Number of protein chains: 2
Amino acid sequence: MPRKTITDVARLAKVSTSSVSNVLNDRSTRMRPETRDRIQQAINKLGYTPNLAARQLKTGYSPFIGLIVPSVADPFFGIFARLVEEAALARGFQVLLGNSDRDTGREQRYAEVLWRSGIRGIIFGSSLIHSTHLESLIDKGMHCIAFNRPHLGNDRYPIDSAGVDNVQATRLITKHLLALGHRRIGFISGPIDPVSRTDRLQGFRVTLQEAAIDPDEELVWDGPADNFGDTSAIELGRQGAHYLLSKAERPTAIIAINDMHAFGVYAGARDLGITIPAELSITGIDNITLADVVEPPLTTVQQPIRDVTRLAVERLISRLEESSIQPPVHVMLSPKLIVRTSTAHYQKNKTL
Amino acid sequence: MPRKTITDVARLAKVSTSSVSNVLNDRSTRMRPETRDRIQQAINKLGYTPNLAARQLKTGYSPFIGLIVPSVADPFFGIFARLVEEAALARGFQVLLGNSDRDTGREQRYAEVLWRSGIRGIIFGSSLIHSTHLESLIDKGMHCIAFNRPHLGNDRYPIDSAGVDNVQATRLITKHLLALGHRRIGFISGPIDPVSRTDRLQGFRVTLQEAAIDPDEELVWDGPADNFGDTSAIELGRQGAHYLLSKAERPTAIIAINDMHAFGVYAGARDLGITIPAELSITGIDNITLADVVEPPLTTVQQPIRDVTRLAVERLISRLEESSIQPPVHVMLSPKLIVRTSTAHYQKNKTL
DNA sequence: GTCATTTGGTATAACGATACACTTACATTG
DNA sequence: CAATGTAAGTGTATCGTTATACCAAATGAC
């Protein structure tokens, strides 16, 4: 069954292909209504749909944007991807999704494929600090928007960003824990590579210093040395919990880099027979749906990702439509502390 | 910066575009090694990459397959999508992902876009019982593979499938619960629309009947009547738990249609002060990573989705490459019961 | 009644890559 | 030495669409 083309439609409606094209592109001004209807009927009768490859070749325009996330298997990025798709569809764009596994090489290869496919805009769900692997593409004319990647001083390349204030996120959490009387606070993260993690760690340290507490580097755990993203977030949280909670003087609270890591800390604490929150307070970041369901419900920070994703998509589409080169734009929204019952007052005389 | 084309390369290497094309497509037989090298250098120097739209227009071939799932925000489908992508990449294909929200209209519109984009194969992550909305596309030549959708008698359209034996999944679970002494077993599901859910419910009923227990329809909850997929799985589980556990004679065990629903049941039971597993046994299906982390760890059924996704991708690519029309193929793998501690013996004299 | 304008279209050249038929120049064969 | 073969390419039509330029007929102005 050979595919129907615009020529088939033109023949059936007894007009030129130009007229069919005019109907397809809503340029009905130059046409009598009856001609228009005749063409439309021919289109319906044949079940004709335009060939996007041909259209793209001719116009140079692609109704697709790319989205590269570490992995949609991570619930946070699953939701993130879902919202990006929703925002893009609302603006008439489809999303092409790729998982990078936080691997620069994969990220680059994906971006390359997108470029070859005629896609001129990509949203990055998590941004590595270094973007040199994307420079040649940006030079060629690729537009990039990064989630959680405000302007870096050392960065020659203009990448827009939309994100949440990560320093603020851990500030909120750390203040909350300090207010509950905690002084020995652990910090669990995967490798501190993406910008968001650096910021979160910084927010934690700065807030401690403001409270005149010297951050104990022994209480910051950032994954096994040989790990390159192949261990899952939950497993990392569990390992980190085992490490921190086996110390002679163990922390009374643990800040996990995100909710999934926090769930791993739950499991790790359980392994060691430590109760939450009586003996250990735990916090996450993201406020994914599950945070409200686990036992005890997780104190965490909500990221306004619906707004962030919408802004990111709109920014990207504007970029695609504007002709001149504009300076990068950085949007940053505020996170919000969600207090549940995984955090409690530090009790000096608790039963160990 | 106008994009580089094959003509630019040809000019720089002082050859014809035909020769450049031959290099690009590994037809080096018709060329001296030195010419080949010269062309390759020109390609590198210009940073040339072929325009896939033009290539696709000419060859009719697209190195993409489509994947339509209910929502990647659901962790199960996040992992599913991840594995499909992995299998596809290994075979040289990219994946274009869409979320259908279990809405026939959205599913159809997505499939339509994929067709227009020149994509000739789609994997469906969850299959609605009716596929009439896809028939016209299949007629045109679209190849479809469904997850969990064995041949239906009433179905005129040849859709391949790869999946897990869902009847077997609930059989395993139900037998497990029966062995633990449970007789009043609840069943919680969203709308019984996809084939997989129908099968799971059937496995449950049949196994009860084999044990000479009359299935109590009052204990089967399939969502509020006005729900059309807009409520999250967790929330549905919670609502279902509230409903079933408020009955005068409440069930002693609940089978949730999948792990996410089961987590909702955890929350619902907690709301009512019912302890797991002492007062209520709970099971899920899928064995997502979180199943091992929640408290208590969830008894569930593991789906061999790595194998299923690989088989689905391979089947689809074979379809794309074969010229003649072959009868549909159905692959079904066996699930495996994973017993954890969310299930326990039914105790007659338990404290209510 | 002539000229200018509007209406309702059409012919054709691209877009970038590939396939096929074709051309040389040289080597081999009988 | 003519005939044949082969290595190493090249010329050009083509995929399905759209943009641009063009055109014929009808209408309007004076």
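Order of the sequence lines sets the chain letters (A, B, ...), proteins ahead of strands, with each chain counted from 1. Just so it is clear, the model here is predicted, and its values are computed rather than measured. Hydrogens, waters and symmetry mates are skipped; everything else that's a heavy atom, side chains included, is used.
- Both L52(B) and S16(A) lie close to DNA chain C; mapped to their nearest nucleotides by heavy-atom distance, the more 5′-ward contact belongs to S16(A).
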Between protein and nucleotides 16-24 of chain D, map the contacts as a letter string: B base, S sugar-phosphate only, - none, heavy atoms under 4.0 Å, written 5' to 3'.
BBBB-----

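- In terms of modelled atom types and a separation under 3.5 Å, the side chain of D160(A) and the main chain of L316(A) share no donor-acceptor contact.
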Might you work through the side-chain hydrogen bond (donor to acceptor under 3.5 Å, both in side chains) test for T49(B) and R116(A), ending with a clear yes or no?
CA-CA 6 Å; T49(B) 51; R116(A) 284 210 275 272; 5.3 Å; no

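- On the nucleic acid side, DNA chain C contacts chain B at distances under 4.0 Å to non-hydrogen atoms, with the end points of that region at dG16(C) to dA19(C).
- The backbone N or O of L12(A) lies less than 3.5 Å from no partner atom in the side chain of K45(A), so there is not a single donor-acceptor pair.
- Aromatic ring orientation, F80(B) versus F147(B): tilted (interplanar angle from 30° to 60°).
- N25(B) places no side-chain N or O within 3.5 Å of a backbone atom of R27(B) that could act as its donor or acceptor partner.
- Residue R306(B) qualifies as open at atom CZ: its count of foreign heavy atoms under 6.0 Å is 12 or below.
- Checking side-chain atoms of N51(B) against main-chain N and O of A53(B) turns up a donor-acceptor pair under 3.5 Å.
- Looking at heavy atoms from C-beta onward, Q94(A) lies in side-chain contact with L89(A) at the 4.5 angstrom threshold.
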